[in-house]
Amino acid sequence: MRANDREKKAAELGNSPLRLDSIQGALATKRLGTKFHYFEEIDSTNSHARRLAETGAPEGEVVIAERQFEGRGRLGRSWESPPYSNLYFSLLLRPALAPVHAPQMTLMAAVALADTVAAFVVEPPAIKWPNDILLQGRKVAGILTESSCDAKRIEFVILGIGVNLNFPRERMPETIRDRATSLMEVGGKSFSRENFLRRLIQDLDRCYGILEDFGFDAIAPRWEAYFALRGRRVRVEMVDEVISGTATGIDGDGALLLEAEDGVLRRVLAGDVIPLGD
Ligand code: BTN
């Protein structure tokens with residue numbers, strides 16, 4: 001699509017296309033945001049970032065799209081990706097971590113994302129394990145981490161991030177309207193996607209640096225400070241099991257710690273956490 005047509009289409013929706021040149025020039029990062037691959041529309045930015053990773057692209061590159069027609073969420077769900085209003089992007093990382101520590105990347109990204117959200121709205125963000133960012137108890141952003149590892153090392157990690165920025169409730173599909181929100185809904189105004197993206201990539205760069213230099217012990221307390229469910233009764237739906245209990249925190253690998261109803265302390269590596277009435 002030509003630039004003029006893009007402007008017109010975005011204006012019809014009350015928005016404007018992303019101006020990445022205003023970000024690239026002013027990005028204060030050590031490693032992230034070295035190159036932006038911009039798409040008017042794409043299947044999924046994660047899928048494209050994986051294609052780049054597999055053909056040897058270096059760490060730090062960003063794939064970003066105005067719209068995704070196969071935007072993916074965790075646990076095989078789809079991610080609502082309407083054009084020009086929100087942010088959909090994926091970062092290619094090549095961390096020097098053992099494969100067993102790959103989940104730490106998601107938790108590190110959740111801290112960075114919560115820090116960025118906190119810089120834009122007065123309302124405090126919370127993290128729902130492992131990677132949902134909530135405002136007023138509703139999901140405002142999510143992270144889909146995909147990685148490729150061999151026995152000894154992580155080959156690459158794709159951090160896919162979706163943020164509901166200027167997404168009015170009336171445009172949200174009914175299937176997510178009760179559970180989702182956007183910065184616009186909470187802040188009562190629209191936000192510059194460029195300012196948010198610049199800040200987020202800088203926060204990710206900073207938190208990634210902390211993880212690599214000081215290890216997960218330096219990230220975990222920051223994650224715990226945002227943890228929405230500590231001490232709450234929850235149900236955890238895993239692939240082959242559903243358990244209920246009290247969420248107590250995370251362990252050194254980022255697993256959710258749960259005191260199950262039979263008193264046994266369980267480690268949950270993957271699943272969906274649903275808060276129960278206390
Ligand atoms: C979740 O909360 O379930 C994760 C949502 C992740 C959505 C983002 S949007 C950019 C990137 N590309 C995708 O297909 N998914 C992630």
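Both ligands and their constituent atoms are indexed starting at 1 by order of listing.
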Report task. Classify the angle between the aromatic ring planes of His48 and Phe39 as parallel (below 30°), tilted (30 to 60°) or perpendicular (above 60°). Result -> perpendicular
Report task. Kindly identify the option in Lys139, Glu80, Lys128 whose heavy atom sits closest to atom 1 (C) of ligand 1. Result -> Lys139
Query raised in the report: Counting heavy atoms only, which part of Ile143 comes closer than 4.0 Å to ligand 1: side chain, backbone, both or neither?
Result: backbone
Requested in this report: With heavy atoms under 4.0 Å as the rule, classify the contact between Ile161 and ligand 1 as side chain, backbone, both or neither.
Outcome: backbone
Query raised in the report: If you measure from the Lys or Arg side-chain nitrogens to the Asp or Glu carboxylate oxygens, is any gap between Asp115 and Arg199 under 4.0 Å?
Result: no
Query raised in the report: Is Asp132 salt-bridged to Arg138, going by a charged N under 4.0 Å from an acidic O?
Result: no
Query raised in the report: Is it true that Arg77 lies under 4.0 Å from ligand 1, counting heavy atoms only?
Result: no
Requested in this report: Kindly confirm or rule out an N or O of Gln68 lying under 3.5 angstrom from an N or O of ligand 1.
Outcome: yes
Report task. Using a strict 4.0 Å cut-off to heavy atoms of Gly73, name the atoms of ligand 1 that fall inside it. Result -> 1 (C), 3 (O), 4 (C), 5 (C)
Requested in this report: Give the atoms of ligand 1, by number and element, whose distance to some non-hydrogen atom of Gly71 is under 4.0 Å.
Outcome: 14 (O)
Query raised in the report: Quick one: nearest non-hydrogen protein atom to atom 3 (O) of ligand 1, plus distance?
Result: Arg74 N, 2.6 Å
Query raised in the report: What protein heavy atom sits nearest atom 10 (C) of ligand 1, and how far off is it?
Result: Thr45 OG1, 3.2 Å
**Report entry** Numbered atoms and elements of ligand 1 in range of Arg72, under 4.0 angstrom, heavy atoms
**Finding:** 5 (C), 6 (C), 7 (C), 13 (C), 14 (O), 15 (N), 16 (C)
**Report entry** Short N-O contact, Glu212 and Arg31, less than 4.0 angstrom
**Finding:** yes
Query raised in the report: Of all residues at least two apart in sequence or in a different chain, which pass the side-chain contact (heavy atoms from CB on, under 4.5 Å) check with Arg267?
Result: Asp251, Asp253, Ala255, Leu257, Leu269
Query raised in the report: If you measure from the Lys or Arg side-chain nitrogens to the Asp or Glu carboxylate oxygens, is any gap between Arg193 and Glu66 under 4.0 Å?
Result: yes
**Report entry** Ligand-side contact atoms (ligand 1) for residue partner Ser44, heavy atom cut-off under 4.0 Å
**Finding:** 12 (N), 13 (C), 14 (O)
Query raised in the report: Less than 4.0 Å between a side-chain N and a carboxylate O, is that true for Glu80 and Arg67?
Result: no
Query raised in the report: So if you build clusters from Ile, Leu, Val, Met, Phe, Trp, Tyr with side-chain heavy-atom gaps below 4.5 Å, do Leu144 and Val62 land together?
Result: no
Query - Asp132: numbered ligand 1 atoms lying under 4.0 Å from its heavy atoms - result: 2 (O)
Query raised in the report: When you measure from atom 5 (C) of ligand 1 to every protein heavy atom, which one gives the shortest distance, and what is it?
Result: Trp79 CE3, 3.4 Å
Report task. Provide the number and element of each atom of ligand 1 under 4.0 Å from a heavy atom of Phe89. Result -> 10 (C)
Query raised in the report: Can Asp272 and Arg235 be counted as an ion pair, charged N to O under 4.0 angstrom?
Result: no
